[in-house]
Amino acid sequence: MADLPVLVVYYSLTGSTRNLALAIADGINAVKGCEAMVRTVPKVSTVCEAVASDIPDTGAPYVSLDELQNCAALALGSPSRFGNCAAAIKYFLDSSSSLWLSGSLIGKPACVFTSSTSPHGGQESTLLSMMLPLLHHGMLLCGLPFSESALNTTKGGGTPYGASHVAGLNHQSVLWPEEYALAVAQGKRLAQTALKLQA
Ligand SMILES: Cc1cc2nc3c(=O)[nH]c(=O)nc-3n(C[C@H](O)[C@H](O)[C@H](O)COP(=O)(O)O)c2cc1C
């Protein structure tokens with residue numbers, strides 16, 4: 001049987017959220033029977049006529065609505081933007097009405113992740129902001145349980161609402177060991193939940 005496709009969609013300008021996405025993908029790929037598909041979204045331009053090329057210069061390919069429709073589970077990540085998700089992620093979600101109308105995402109598991117400059121600069125509100133549209137789609141949200149010991153010991157990111165990274169003022173995109181461990185745990189939990197729901 002083919003592996004279950006678990007979609008990891010992120011937006012990242014300076015690499016932190018991308019590194020979280022790759023750690024979550026490590027967790028997903030550690031679960032036998034699941035395969036991570038890492039995708040990004042294009043920037044939103046203030047010039048409406050500007051059209052991005054179909055292939056990004058660096059990083060993951062752009063996600064398509066077909067991939068969202070056909071995934072077994074979704075991990076969605078964004079840097080914090082004034083305590084909210086980035087416009088590029090919101091723009092992508094706003095293009096998913098057809099999937100809401102068809103109910104295509106109902107019952108699929110999902111999780112969210114973020115990166116911010118400051119530890120108290122809105123990580124949890126950013127995570128919650130991404131959960132709202134996923135709940136409207138009928139998705140089942142997975143957080144991180146406190147049985148993950150790194151949640152109690154992290155000096156950087158990592159929350160029960162989802163994996164996170166604190167990049168600091170110098171845009172440090174490399175994850176701390178606890179942040180990496182929690183992102184992997186989140187990917188594993190998402191993939192294991194997808195497998196259980198398929199069964
Ligand atoms: C417009 C804008 C708004 C931002 N708002 C916040 C914020 O509310 N809190 C915070 O801690 N960092 C904020 N940041 C910083 C980014 O969230 C932070 O640099 C993040 O780690 C970038 O992730 P990336 O490397 O994936 O792009 C903001 C950055 C920009 C450009």
Side-chain angles (χ1 to χ4, degrees), residues 3-12 15-41 59-60 63 67-68 71-80 85-86 89 92-93 105 107-116 119 122-135 137 139-167 172-198:
D3 285 348
L4 287 183
V6 177
L7 192 58
V8 181
V9 180
Y10 71 91
Y11 175 71
S12 183
S16 292
T17 314
R18 177 170 182 266
N19 285 340
L20 282 167
L22 296 177
I24 286 172
D26 286 348
I28 292 165
N29 289 329
V31 176
K32 198 167 176 292
C34 286
E35 186 184 5
M37 290 167 49
V38 181
R39 300 287 186 267
T40 189
V41 294
V63 65
E67 288 172 329
L68 182 58
C71 72
L74 170 71
L76 182 69
S78 169
S80 187
C85 72
I89 286 291
F92 171 63
L93 289 168
L105 302 180
K108 295 186 183 189
C111 68
V112 291
F113 55 100
T114 191
S115 175
S116 72
Q123 290 211 332
E124 288 166 354
S125 58
T126 301
L127 293 168
L128 292 169
S129 76
M130 286 186 280
M131 289 181 190
L132 301 180
L134 303 185
L135 285 169
H137 270 296
M139 301 193 88
L140 307 175
L141 292 169
C142 304
L144 275 167
F146 275 91
S147 51
E148 294 299 334
S149 58
L151 262 189
N152 293 304
T153 56
T154 179
K155 299 269 190 292
T159 82
Y161 307 93
S164 69
H165 170 60
V166 177
Q172 168 64 259
S173 67
V174 178
L175 307 185
W176 295 104
E178 289 87 353
E179 293 175 335
Y180 176 78
L182 289 167
V184 170
Q186 182 156 30
K188 277 189 187 164
R189 190 163 195 240
L190 182 69
Q192 284 162 349
T193 305
L195 279 175
K196 283 180 194 161
L197 288 170
Q198 294 280 328

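Values below: all heavy atoms of this structure, side chains included; hydrogens, waters and symmetry mates excluded. By convention here, the first residue in the shown sequence is residue 1.
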Just distance, no hydrogens or angles: give the donor-acceptor pairs under 3.5 Å from side chains in residues 187-197, sequence neighbours left out.
residue, atom, partner, partner atom, Å
Arg189, NH1, Gly143, O, 2.7
Thr193, OG1, Arg189, O, 2.6

ask   = Are any non-hydrogen side-chain atoms of Val166 and Trp176 less than 4.5 angstrom apart?
value = no
task = For side chain to side chain contact (heavy atoms under 4.5 Å, CB included), just list the numbers for Leu134 and Leu76, CA-CA rounded to whole Å, side-chain angles, deciding distance to a tenth of an Å, and then say yes or no.
result = CA-CA 9 Å; Leu134 303 185; Leu76 182 69; 4.2 Å; yes
query = Out of curiosity, Cys85 SG to Met131 CE, how far, rounded to the nearest 0.5 Å?
reply = 12.0 Å
query = Are Phe113 and Ser164 close enough that some pair of their side-chain heavy atoms sits under 4.5 Å apart?
reply = no
message = Checking Ala183 now: which residues fulfil side chain to side chain contact (heavy atoms under 4.5 Å, CB included) with it, not counting sequence neighbours?
response = Leu20, Ala23, Ile24, Ala163
request  = Using the test side chain to side chain contact (heavy atoms under 4.5 Å, CB included), find all partners of Ala150 that sit at least two apart in sequence or belong to another chain.
outcome  = Thr153, Glu178, Leu182
query = So, for Thr17 and Gly77, which heavy atoms are closest and what is the spacing to 0.1 Å?
reply = CG2-C, 3.7 Å
note = Those residues at least two apart in sequence (or on a different chain) that pass side chain to side chain donor-acceptor pair (under 3.5 Å) with Glu179 are His165
query = Does some side-chain heavy atom of Lys108 sit less than 4.5 Å from a side-chain heavy atom of Leu74?
reply = no
inquiry  = Could you tell me if the side chain of Arg18 sits less than 4.5 Å from the side chain of Tyr11, heavy atoms only?
reply    = no
note = Nearest heavy-atom approach of Cys111 to Gln186 is CB-NE2, 3.0 Å
ask   = Does Leu127 offer a backbone N or O that forms a donor-acceptor pair with the side chain of Thr114 under 3.5 Å?
value = no
inquiry  = I need the minimum non-hydrogen distance between Met139 and Pro109, along with the two atoms involved.
reply    = CE-O, 4.0 Å
query = With sequence neighbours left out, what residues match Gln198 under side chain to side chain donor-acceptor pair (under 3.5 Å)?
reply = none
request  = For residues Tyr10 and Val41, determine if any side-chain heavy atom of one lies less than 4.5 Å from a side-chain heavy atom of the other.
outcome  = no
note = For Pro160, the side chain to side chain contact (heavy atoms under 4.5 Å, CB included) test, sequence neighbours excluded, returns Phe146, Leu151
query = Taking only residues two or more places apart in sequence, or in another chain, which ones meet Ser116 in a side chain to side chain donor-acceptor pair (under 3.5 Å)?
reply = Gln123
ask   = Which residues pass the side chain to side chain donor-acceptor pair (under 3.5 Å) test with Ser80, sequence neighbours left out?
value = Thr126
Return all side-chain donor-acceptor pairs below 3.5 angstrom for residues 26-37, not counting sequence neighbours, or 'none' if the list is empty.
residue, atom, partner, partner atom, Å
Asp26, OD2, Tyr180, OH, 2.6
Asn29, OD1, Ala36, N, 2.9
Asn29, ND2, Ala25, O, 3.3

remark   = Those residues at least two apart in sequence (or on a different chain) that pass side chain to side chain contact (heavy atoms under 4.5 Å, CB included) with Ser125 are none
query = Does any non-hydrogen side-chain atom of Met130 lie less than 4.5 Å from one of Leu132?
reply = no
query = What are the two closest heavy atoms between Thr40 and Ala60, and how far apart are they?
reply = CG2-O, 3.2 Å
inquiry  = Quick check: do Val63 and Phe92 have side-chain heavy atoms less than 4.5 Å from each other?
reply    = yes
query = Judged by atom type as modelled, is there a donor-acceptor pair below 3.5 Å linking the side chain of Ser78 to the main-chain atoms of Ala86?
reply = yes
inquiry  = If you apply the rule side chain to side chain contact (heavy atoms under 4.5 Å, CB included), what do you find for Thr159 with Leu144, and how did you get there?
reply    = CA-CA 7 Å; Thr159 82; Leu144 275 167; over 6 Å; no
